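This report refers to the structure that appears directly beneath it.
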Amino acid sequence: QVQLVESGGGLVQAGGCLRLSCAASGRTFGNYVMGWFHQAPGKEREFVATINWDGGNTRYADSVKGRFTISRDNAKNTVTLQMNSLKPDDTGVYYCAARRGLTVSSTSGEYDYWGQGTQVTVSS
C-alpha cells in the first residue's frame, strides 16, 4: 500500500511558475513508477509526466514539454513537478500517482495509487 499526498498548488499569473511535490509513504518507493496527471474543470484527467524508478527515464505530454520537469528523490520518498511558463490552460487539479513496475506509462488506468490532488489556478 502506498499513500500519496500532494502539495504546492496555488494561484499564479500566466508566465509564472509553481513547484508541486508528492510525498509517498512506505519503504518501497523506489519500486514504483511515478506520474502526474491533470484534470481541468469539466474535463477528463490527462497525463502530464512520468518518471521511472531511478529518474533515468521520463516522458511528458506534448503540451508541457519544455515547460515542466518531473524529478524524484527516492531517499526522501518524494516526486516533484516543476512547472514553468504556466498558461491558463494549465489550470486544474494535479494528481500524483504510483505504478508498480519498471515501465513508465501515460495511461491513468495503469496506475495503482493516487493522491487527493492539489489545485493549480493560472490567471490570465
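Quick caveat: nothing in here was measured; it's all calculated off a predicted structure.
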Same apolar cluster (I L V M F W Y, side chains within < 4.5 Å links), [X]/[Y]:
X      : Y      : result
Val104 : Phe29  : no
Val120 : Tyr60  : yes
Val48  : Val12  : yes
Val122 : Val64  : yes
Val33  : Trp114 : yes

Which distance, rounded to the nearest 0.5 Å, do you find between the [atom1] of [X] and the [atom2] of [Y]?
X      : Y      : atom1 : atom2 : result
Ser124 : Gln13  : OG    : CD    : 9.5 Å
Asn57  : Ile51  : CG    : CD1   : 8.5 Å
Cys96  : Gln116 : SG    : CD    : 11.5 Å
Phe68  : Met83  : CZ    : CE    : 5.0 Å
Thr80  : Lys76  : OG1   : NZ    : 9.0 Å

Under a 3.5 Å cutoff, is there a donor and acceptor pairing between the side chains of Thr118 and Glu6?
no
Residues Tyr113 and Arg100: side-chain donor-acceptor under 3.5 angstrom:
yes
Tell me, yes or no, whether the heavy-atom count around Leu11 atom CG, taken from other residues, nucleotides or ligands under 6.0 Å, exceeds 12.
yes
Output yes when Asp90 and Lys87 qualify as a salt bridge under the 4.0 Å nitrogen-oxygen rule, no when they do not.
no
Arg72/Asp54 ion pair, N-O < 4.0 Å:
no
Do the side chain of [X] and the main chain of [Y] share a donor and acceptor less than 3.5 angstrom apart?
X      : Y      : result
Thr50  : Met34  : yes
Arg99  : Glu110 : yes
Ser105 : Thr107 : yes
Ser25  : Gln3   : yes
Arg45  : Gln39  : no

Ignoring hydrogens, what is the shortest heavy-atom contact between [X] and [Y]? Give both atom names and the distance.
X      : Y     : result
Pro41  : Thr91 : CD-O, 3.9 Å
Cys17  : Asn84 : CB-OD1, 3.3 Å
Tyr111 : Ala97 : CD2-CB, 3.5 Å

List for me each residue that meets ring-ring contact (aromatic ring centres under 6.0 Å, His included) alongside Phe47, sequence neighbours excluded, and say none if there are none.
Phe37
Parallel, tilted or perpendicular: rings of His38 and Tyr94 (30°, 60°):
parallel
Audit row: Trp53, Leu102, side chain to side chain contact (heavy atoms under 4.5 Å, CB included) steps and yes/no
CA-CA 7 Å; Trp53 73 276; Leu102 302 177; 3.9 Å; yes
Test side chain to side chain contact (heavy atoms under 4.5 Å, CB included) applied to Val79 and Asp73, Leu4, Asn74, Ile70, the passing residue:
Ile70
State, with a plain yes or no, whether a side-chain heavy atom of Leu20 is found less than 4.5 Å away from one of Trp36.
yes
